[in-house]
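A quick write-up on the structure given underneath.
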Amino acid sequence: MPPLIAVRDLRKRFNLEAGFFAPLGKYVYAVNGLSFHIGEDESYGLVGESGCGKTTAARLLVRMYEPSDGEIRWRDRDVAALKRKDLAAYRERVKYVFQDPARSLNPRMRVYDILTSGRRWSARRGRRRRAEEWRAAAAILREVGLSPEDLERRPGEFSGGQRQRISIARGLFMEPELLICDEIVSALDVSIQAQILNLLLEIRRRRNLSFLFITHDLRVASWFCDRIGVMYRGELMEEAPAADLYKTAAHPYTQLLFDSAGSRRHTPIPGEVKTALEEIQGCAFAERCPRTEERCRREKPEFQETGQRRVRCFKVS
Ligand SMILES: Nc1ncnc2c1ncn2[C@@H]1O[C@H](COP(=O)(O)OP(=O)(O)OP(=O)(O)O)[C@@H](O)[C@H]1O
Ligand code: SF4
Ligand SMILES: [Mg+2]
């Protein structure tokens, strides 16, 4: 059986300075040849520092952006070829929960309307009766730890953690098969983060649902996910089952990510993710890698596969 979703050599470049006088302006290369898949009932973590292309990849999946190149397949269908009704149906099956609920929830709408706002676009929902709809919305709110009375309230009346619960409820309302969670706890206090992560775990156990779980925190991803892809400057550096990755990080970047998350002071990795303004030659991590050698700057390492792990580095065999 094909995986739920499979991404092959996905690329996205953003045109900067596009305009009449500069039709061939400069580009930002945000996603550069990304390939991975997510199976049924599987949680896949996409992990990397700020600016490495995680959100762009997720937005490509839901067609908020069109790819510059590459392919996304939903089961056996080409997502780029979906039109109108099929695209609307696809967007019901794949839901996106955003990082910042303060911005992604319309403050003027009641929670009920937020949960049900996809109705006009939905063939399946159109058939549901209003009373039924209200009951379904109440049940989802209970599932995320809120109460049915909250359906009448507006986002401003809730705390940050509660608002994120509403976003999750909105994501779940159409009973998707894939929930994309993009840094959904990073704007919250640490104690609240744990509550929301536990809620996600409960939802995972209760539903047959796949996750694309996006985070900069490799430890959280190792805890929540089945498999993890470590991303740097738009490419995967390493991919492995979470338990294997947690035991041994093979790629120098993965090792540094673990070290920085593990130290009590959260020592950041020296240097920063440089925006790619041209196609990256050689290893994407060469500028910051403690093990760089001349070849790394010249030549792009291919994936080395051992069992379920693949690593893009010349020094790992
Ligand atoms: N709409 C856009 N136009 C131009 N450049 C963009 C756009 N969106 C993202 N970028 C650039 O693409 C790169 C990847 O950004 P992206 O937001 O996907 O990273 P991220 O991994 O989600 O980071 P964060 O952890 O901060 O959310 C960055 O260099 C960013 O500046
Ligand atoms: S290929 Fe070279 S630069 Fe890239 S991670 Fe491996 S050692 Fe470091
Ligand atoms: Mg992001």
Side-chain angles (χ1 to χ4, degrees), residues 7 10-19 25-34 45-68 96-101 103-104 180-187 212-218 220-221 228-239 249-261 268-304 310-317:
V7 161
L10 196 63
R11 290 167 194 274
K12 178 66 184 175
R13 47 175 212 195
F14 292 107
N15 202 342
L16 299 178
E17 302 174 19
K26 286 187 177 157
Y27 296 102
V28 171
Y29 292 80
V31 171
N32 303 307
L34 192 61
L46 208 46
V47 183
E49 291 162 286
S50 184
C52 67
K54 307 180 295 294
T55 296
T56 305
R59 291 186 171 187
L60 288 165
L61 286 195
V62 293
R63 280 192 51 183
M64 279 167 77
Y65 297 146
E66 295 300 325
S68 312
Y96 197 140
V97 183
F98 296 90
Q99 170 172 350
D100 184 359
R103 282 200 294 175
S104 68
I180 300 177
C181 297
D182 189 353
E183 298 272 14
I184 67 166
V185 296
S186 52
L212 176 59
F213 186 80
I214 295 177
T215 175
H216 59 272
D217 192 330
L218 197 42
V220 171
I228 292 176
V230 177
M231 198 171 169
Y232 190 75
R233 295 181 94 194
E235 300 172 43
L236 283 191
M237 298 288 107
E238 176 165 11
E239 182 187 70
H251 195 280
Y253 181 56
T254 319
Q255 288 165 1
L256 286 168
L257 270 185
F258 265 125
D259 291 349
S260 72
I269 304 172
E272 59 188 355
V273 184
K274 256 178 76 181
T275 304
L277 295 171
E278 48 197 50
E279 278 192 74
I280 298 168
Q281 308 292 326
C283 172
F285 192 50
E287 285 183 17
R288 290 168 81 196
C289 180
R291 302 176 63 187
T292 314
E293 55 186 37
E294 212 271 319
R295 180 187 182 193
C296 308
R297 298 182 190 279
R298 234 180 328 110
E299 215 181 300
K300 190 181 280 297
E302 295 298 330
F303 275 120
Q304 317 239 25
R310 43 188 187 132
V311 187
R312 203 190 269 284
C313 173
F314 292 125
K315 298 278 185 77
V316 175
S317 52

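All ligand and atom numbering here is 1-based and tracks the order in the structure.
Distances from atom 31 (O) of ligand 1 to the protein include no heavy-atom value under 4.0 Å. Inside a 4.0 Å radius of atom 6 (C) of ligand 1 there is at least one protein heavy atom.
Any N or O atom pair closer than 3.5 Å counts here, and Gly53 shares at least one such pair with ligand 1. Checked against a 3.5 angstrom limit, the closest N/O atoms of Cys52 and ligand 1 fall inside it. Residue-to-ligand polar distances place Ser50 within reach of ligand 1: an N/O pair is separated by less than 3.5 Å.
Aromatic pair Tyr29/Phe14: centroids not less than 6.0 angstrom apart.
Shortest contact from atom 11 (C) of ligand 1 to any protein heavy atom: Val28 CG1, 3.8 Å. The nearest heavy-atom contact from the protein to atom 1 (N) of ligand 1 is Phe14 CE2, 3.6 Å. Residue, atom and distance of the protein heavy atom nearest to atom 16 (P) of ligand 1 are Thr56 OG1, 3.6 Å. Atom 28 (C) of ligand 1 has as its closest protein heavy atom Gly51 O, 3.8 Å.
Under a 4.0 Å criterion applied to the non-hydrogen atoms of Ala30, ligand 1 contributes the atoms 12 (O), 13 (C). Residue contact check: Thr275 has heavy atoms under 4.0 Å from atoms 29 (O) of ligand 1.
Atom CG of Leu256 sits about 7.5 Å away from atom SG of Cys289, to the nearest 0.5 Å. Rounding to the nearest 0.5 Å places CD1 of Ile184 at 12.5 Å from CG of Asp100. The CD1 atom of Ile180 lies 11.0 Å from the CZ atom of Arg59; values are rounded to the nearest 0.5 Å. Leu10 CG to Tyr65 OH: the interatomic distance, rounded to the nearest 0.5 Å, is 13.0 Å. Between the CE atom of Met231 and the SG atom of Cys52 there is a distance of 5.5 Å, given to the nearest 0.5 Å.
Ligand 1 lies less than 4.0 angstrom from a heavy atom belonging to Tyr65. The shortest separation from a heavy atom of Gly48 to ligand 1 is not under 4.0 Å, leaving the residue out of contact.
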- May I have the step-by-step check of side-chain contact (heavy atoms from CB on, under 4.5 Å) for Leu236 and Phe303, ending in yes or no? CA-CA 9 Å; Leu236 283 191; Phe303 275 120; 3.8 Å; yes
Passes side-chain contact (heavy atoms from CB on, under 4.5 Å), Phe258 versus Leu218? Steps please. CA-CA 6 Å; Phe258 265 125; Leu218 197 42; 3.6 Å; yes
*From CA spacing to verdict: side chain to side chain donor-acceptor pair (under 3.5 Å), Arg288, Tyr232*: CA-CA 11 Å; Arg288 290 168 81 196; Tyr232 190 75; 3.1 Å; yes
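For the residue pair Gln99 and Ala187, the shortest heavy atom distance occurs at O-CB, 4.3 Å.
A salt bridge does not link Glu287 with Arg297: none of the charged nitrogens is closer than 4.0 Å to a carboxylate oxygen.
Contact of the Glu49 side chain with the Ile269 side chain is registered, since non-hydrogen atoms from C-beta on lie closer than 4.5 Å. Leu277 has its side chain within reach of Leu16: a pair of non-hydrogen atoms, C-beta onward, lies under 4.5 Å apart. Within the 4.5 Å cutoff, the side chain of Phe314 has no heavy atoms near those of the Gln304 side chain.
Partner of Arg312 under the salt bridge (charged side-chain N to carboxylate O under 4.0 Å, His left out) criterion, out of Glu235, Glu239, Glu238: Glu235 alone.
A donor-acceptor pair is defined here as one N or O able to donate and one able to accept, closer than 3.5 Å; such a pair exists between the side chain of Glu183 and the backbone of His216.
Listed by chain and number, the protein N, O or S atoms at a distance under 2.8 Å from the Mg ion (ligand 3) are Thr55 OG1. Annotation: protein N, O or S atoms under 2.8 Å of atom 4 (Fe) of ligand 2 (waters excluded) comprise Cys283 SG.
Under 4.0 angstrom from ligand 1, the non-hydrogen atoms of Thr55 come from both its backbone and its side chain.
Between Glu49, Arg13, Lys54, it is Lys54 that holds the heavy atom closest to atom 25 (O) of ligand 1.
Classified by interplanar angle (parallel below 30°, tilted 30° to 60°, perpendicular above 60°), the ring pair His251/Tyr253 is perpendicular.
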